[in-house]
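Contents: one structure, followed by commentary.
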Amino acid sequence: KLHTTIGEQLLEHVPLLGGEGLRVVRSHHERWDGSGYPDGLAGYDIPIASRITFVCDAYDAMTSDRPYRAARSQLVALAELLGGAGQQFCPHCANTLVDELLEGN
């Protein structure tokens, strides 16, 4: 859970990112329902770039092999994104990613 704040600290010396870029890194594990970290932000208080990053990162994690489990299929991952929309993920971001990925097939 510390990687969001450590990432923010590592990048604070990169002038190109500025304050908003650091906020995106810090907030990319906030959950739509407010149960995320590190600040417990919810809904539209989470920066849009963080909401997009979170849903894309979750999809990538689900569809990639991990030491503790095999990658899930695209359809299973998409179903999990939709199942988490409105709780874990921003509904608009989750639905948009699912739509985009389905259109690409």
Side-chain angles (χ1 to χ4, degrees):
K1 288 188 173 183
L2 294 177
H3 85 272
T4 59
T5 53
I6 291 170
E8 177 189 37
Q9 292 166 358
L10 290 171
L11 295 172
E12 69 185 355
H13 302 290
V14 179
L16 181 64
L17 288 177
E20 187 59 27
L22 294 176
R23 190 166 174 243
V24 169
V25 171
R26 180 182 181 87
S27 301
H28 78 278
H29 277 287
E30 299 289 0
R31 294 173 60 129
W32 188 254
D33 65 5
S35 67
Y37 60 90
D39 301 310
L41 300 177
Y44 294 108
D45 289 336
I46 306 166
I48 183 66
S50 298
R51 291 182 266 147
I52 292 168
T53 301
F54 187 38
V55 73
C56 291
D57 182 51
Y59 175 79
D60 178 64
M62 286 186 260
T63 58
S64 300
D65 285 324
R66 301 295 170 150
Y68 51 88
R69 64 152 176 80
R72 296 179 179 126
S73 72
Q74 182 185 42
L75 289 179
V76 168
L78 296 178
E80 287 194 38
L81 292 178
L82 292 175
Q87 295 174 317
Q88 184 174 4
F89 307 113
C90 165
H92 179 73
C93 293
N95 287 319
T96 299
L97 180 61
V98 169
D99 290 346
E100 289 297 318
L101 291 170
L102 288 175
E103 285 180 19
N105 287 326

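As the structure is a computational prediction, the values presented were derived from the model and not from experiment.
Hydrophobic clustering (ILVMFWY, side-chain heavy atoms < 4.5 Å, transitive): Leu101 and Ile52 are in distinct clusters. Val98 and Met62 fall within a single hydrophobic cluster, where Ile, Leu, Val, Met, Phe, Trp and Tyr side chains are chained together by heavy-atom contacts under 4.5 Å. The cluster map of Ile, Leu, Val, Met, Phe, Trp and Tyr, joined by side-chain heavy atoms under 4.5 Å apart, puts Phe54 and Val24 in different clusters.
Glu30 places a side-chain N or O within donor-acceptor distance of the main-chain N or O of Leu41, the cut-off being under 3.5 Å. Side-chain atoms of Asn95 come within 3.5 Å of backbone atoms of Pro91 as a donor-acceptor pair (strictly under, hydrogens ignored). Glu12 places no side-chain N or O within 3.5 Å of a backbone atom of Leu22 that could act as its donor or acceptor partner.
Here the CZ atom belonging to Arg26 is positioned 12.5 Å from the OH atom belonging to Tyr37, to the nearest 0.5 angstrom. Note that OG of Ser64 is 7.5 Å distant from CZ of Arg69, once rounded to the nearest 0.5 Å. Here the straight-line distance linking atom CG of Asp39 with atom OG1 of Thr5 works out to 9.0 Å at 0.5 Å rounding.
Between Arg51 and Trp32, the closest heavy-atom pair is CD-CZ3, 3.7 Å. Between Pro47 and Ser27 the shortest heavy-atom distance is CD-CB, 3.8 Å. Summarising the geometry of Leu81 relative to Ala58, their closest heavy-atom pair is CD2-CB, 4.3 Å, with the distance given to 0.1 Å.
For the salt bridge (Lys or Arg N to Asp or Glu O under 4.0 Å) test, residues two or more places apart in sequence or in another chain that qualify with Asp33 are Arg31.
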**Prompt:** After noting the C-alpha distance and the side-chain angles of Tyr59 and Gln74, does the key distance pass the side-chain contact (heavy atoms from CB on, under 4.5 Å) rule?
**Reply:** CA-CA 8 Å; Tyr59 175 79; Gln74 182 185 42; 3.2 Å; yes
**Item:** Criterion side-chain contact (heavy atoms from CB on, under 4.5 Å) on Cys93 and Ile48, from CA distance to verdict
**Value:** CA-CA 9 Å; Cys93 293; Ile48 183 66; 3.8 Å; yes
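For the side-chain contact (heavy atoms from CB on, under 4.5 Å) with Leu97, the lone residue among Leu82, Val55, Leu102 that qualifies is Val55.
Side-chain atoms of Arg23 and Ser50, non-hydrogen and from C-beta on, never get closer than 4.5 Å to each other.
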